[in-house]
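Taking it in order: structure first as structure tokens, then the write-up.
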Amino acid sequence: MSSPLQPLPSSNNSASNSSRREFLKTSGVAMAGAGLAATLGIARQAHAAQNDDAIRVALIGCGGRGGGAVLDAMSTGNNIKLVAMADAFKDRLDAKYDDLKKAAGDKIAVDDDHKFVGFDAYQKAIDSGVDLVILATPPGFRPIHFNAAVQANKNIFMEKPVATDPAGVRKVLQTNEEAKRRNLIVGVGLQRRHQPGYLEALKRYKDGAIGELVAARAYWNGDRPHATPRQKDRDATKTEMEYQMRNWYFYVWLCGDHIVEQHIHNLDVINWFKGETPVRAVGMGGSQVPRQPGDGEIYDHHAVEFQYADGSRVFSQCRQISGCWGQVSEHIHGTKGAVHLDAGANRYSVNVNGGEAWNWKNSGSGPMPNPYQIEHADMQAAIKNGGSYNEADYGAKSTMTAILGRLATYSGKEISWEDAFNSKLSIMPTEFSWDAKMPVNPGPGGMYPQAIPGLTKVI
Amino acid sequence: MLTLVYHHARLQLGAAVAFCLLANRLSAAPPIVEMPNSTAATAAEMKPYTDVIGGTDVKFEMLPIPGGKFTMGSPESEHGHKPDEGPQHEVKIEPFWLEKYELTWDEFEVFMFTLDIDRRKITSQPSTDNDKLADALARPTKPYTDMSFGMGKDGFPAISMTHYAARMYCRWLSAKTGRYYRLPTEAEWEYACRAGTTTAYSFGDDAKQLNDYAWHDGNSEDSYHKIGKKKPNTWGLYDMHGNVAEWVLDQYIADYYAQFKGKTAIEPLAVTQSKFPHPVRGGSWQDDAVDLRSAARKPSKKEWEATDPQLPQSVWYLTDAEFVGFRICRPLHEPTAEEKQKIWDAGLEAEGEGGRIIWPNGEPPKK
């Protein structure tokens, strides 16, 4: 039924869970292992005088998800302190500080000197003596912030997606090689990978329950997450950069379009089960709901067929149109049956030859723990105990998968992974300032141009 | 007006409260949109009627429920009885209309997605006075994900809304129609569910018959179902037992009935003061038979929004309550504008209190 925050799962066989159990056993005990020293050395030394065992956190990006991620990190029972915050906008930062203070009290230990505002705020927060940074700005900034955090030897939790264009994905993969060399802990907010229902279903799939994968389906069909424009009408924003950043969801360089920003969750599940990424994609999409002046450039629907190297196909839909068929789920079809996964409704099942062979609810495993909590608990266990923990490679590849889908729908062409991944395409502004030249600007009447399949060249 | 609507659609609660001051003035007396059989001066004149959400094709049916007295709660001897269902006590209820079915997505999405406004824009229809009043009220922010969780929309009950959202729907609908709609009180709900019976269910005590009347854990196949597919109770109300559990107007207070021991409670209402807990009644497609009993009460919990990934958490949606819906009520004797206002505004500020952490051990971890 509900997904209570507690207790942490104990009836689960996954490796990540056993490490969590291990951690919970030792939590609170003073840690002095070599692994810990290797991971936390620099940050720890900086805080030797603090004389507590808190994991000190900086939040970069003070939106709804950033605030949620801080509370998720604090919900594990470990000693977590938020000590620095950064956002491009002061009003956003101040509002989030108040929200967090109200929700978590003393755990929010951010004094005014550690509230950083502006385009370079991220660097100041990273450099403010923390053990862990949470990267939760609009995804277009992620490659830059990830790189800065790695260069500064920080452990990192970053929200999905991790980029909005192929150049960004390449940058994240390249940066991650350095992160791995430095044995930094890197978590990515694809929480389905930590969800016991998914892990149990995956185990059964890997054990051959449904035979060979033939095809898969993935959906994120729902309403638009925000009305457009989301905040601040044009008159209240001073520059085009401010307007786009305050309405980041509707600009491709910031958000990636909703196929990248949301549907990545479902596409990542397919890649995860499949164990690889697609080789090409075709698709169609567009913007059906009439747009108003000032609305951004993203589509409101995409339907993509991804092809994998063995010829198997994945059919993907994402739609943000009110009053239509709703569905957010993944389905893997094999030669003997199918796996059905639905995180929203908490349904996870394996069907073999038409009959249900397993489902989470009837398996006696109890209520589903909160995956947002588990992903942080797993990560904190690695921070405390040492050991390798890095999710950025698959986070980047699933981001690229979703970008490939967008390139297919925007262009109307068949696009190969290779061509897309290696493309020179960069959709980011060349400079980050309030009066920077923007990659997209409104036309006459305040309407932003959208991609036109068949005409728009995407790579 | 459009600018106003745009802004208002996204108002968070604090601002909504401030805005209500303006809305108060606007909504003092919305014009009544005439609808056949919908007016009555006395209980005897009350008839079933169909109402329409202005500017759309969406209809809903209201049934007259005669006033009377009944015994609320269950005896300790009843199978499944819980302490919060006692002591049994007499309650006096005034006549009202109650929605024949659970409220559907068809109805709720007009409010949730401003489909009425969109439709006016597309068809270039002018706003009526009722539209103007309704448009001035707060509407839900857009949900993060599909709130039907793939279980179906057309003709299916709406779910996952907060108590606040259900109340705001009623307020909005009152402006649209000019008729005063609200959630039923917990007492009205139980009175209507029992339909004159004193047994565990409105059809008797035998849970084996439940399959004829209700969708529950044993027959729902892990999903809610279209409204009205099972037998109604003797007053013609469908799905009072099962399908989705239903919000009522009150705050949940476990020992609320104690004060009425040996007395007659007149139209009791525990006025809303905080976001949690509120009672839901009737049980749902996820519940066992005993939880579908006429007297069964379940308090809402913070856990019902546990996986809302945002801070602050939504004041409109409960991410983990895919078993909660509601139906609407209309009292024959309308309260004064001032009394209505009290009901609309009760607990508003507290409802906005999203985002509190539930610590694993009930309190922040000690150093």
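A note on names: the letters A, B, ... follow the listed sequences, proteins ahead of strands, and every chain is numbered from 1. All heavy atoms count here, side chains included; hydrogens, waters and symmetry mates do not.
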Heavy-atom distances under 4.5 Å only: say whether A:Asn221 touches chain B with side chain, backbone, both or neither.
-> backbone
Does the side chain of A:Arg347 reach to within under 4.5 Å of the side chain of B:Met151, using non-hydrogen atoms?
-> yes
What are the two closest non-hydrogen atoms of B:Ala306 and A:Asn370, and how far apart are they?
-> O-ND2, 3.1 Å
In chain order, what residues pass the salt bridge (Lys or Arg N to Asp or Glu O under 4.0 Å) check against A:Asp94, with sequence neighbours excluded?
-> A:Lys90
Let me know if A:Leu100 has heavy atoms under 4.5 Å from chain B in its side chain, its backbone, both or neither.
-> both
Please set out all donor-acceptor pairs under 3.5 angstrom arising from side-chain atoms of residues 106-113 of chain B, sequence neighbours excluded.
from	atom 1	to	atom 2	distance (Å)
B:Asp106	OD1	B:Thr104	OG1	3.4
B:Asp106	OD1	B:Gly155	N	2.9
B:Glu107	OE2	B:Thr104	N	3.1
B:Glu107	OE2	B:Thr104	OG1	3.0
B:Glu109	OE2	B:Lys153	NZ	2.8

Minimum heavy-atom separation for A:Asp223 to B:Pro143, with atom names?
-> OD2-CD, 3.8 Å
With respect to chain B, which residue among A:Gly67, A:Cys324, A:Ser322, A:Ala69 yields the maximal number of heavy-atom pairs within a distance under 4.5 Å?
-> A:Ser322
Who wins among B:Leu115, B:Asp222, B:Ile122 for the most heavy-atom pairs under 4.5 Å with chain A?
-> B:Asp222
Which pair of non-hydrogen atoms, one from B:Gln286 and one from A:Lys361, has the smallest distance, and what is that distance?
-> NE2-NZ, 4.3 Å
What distance separates B:Gln310 CD from A:Tyr372 OH, expressed to the nearest 0.5 Å?
-> 8.5 Å
Using a cut-off of 6.0 Å, state whether more than 12 heavy atoms not belonging to A:Gln288 lie near its atom CD.
-> no
Name the member of A:Gly105, A:Gly326, A:Ser329 that forms the most heavy-atom pairs with chain B at distances under 4.5 Å.
-> A:Gly326
If you look at every heavy atom in B:Phe149 and A:Gly344, which pair is closest and at what distance?
-> CD2-C, 3.4 Å
Between A:Trp220 and chain B, which part of the residue has a heavy atom less than 4.5 Å away: side chain, backbone, both or neither?
-> side chain
Closest non-hydrogen atom pair, A:Lys96 against B:Pro312 = NZ-CD, 3.4 Å
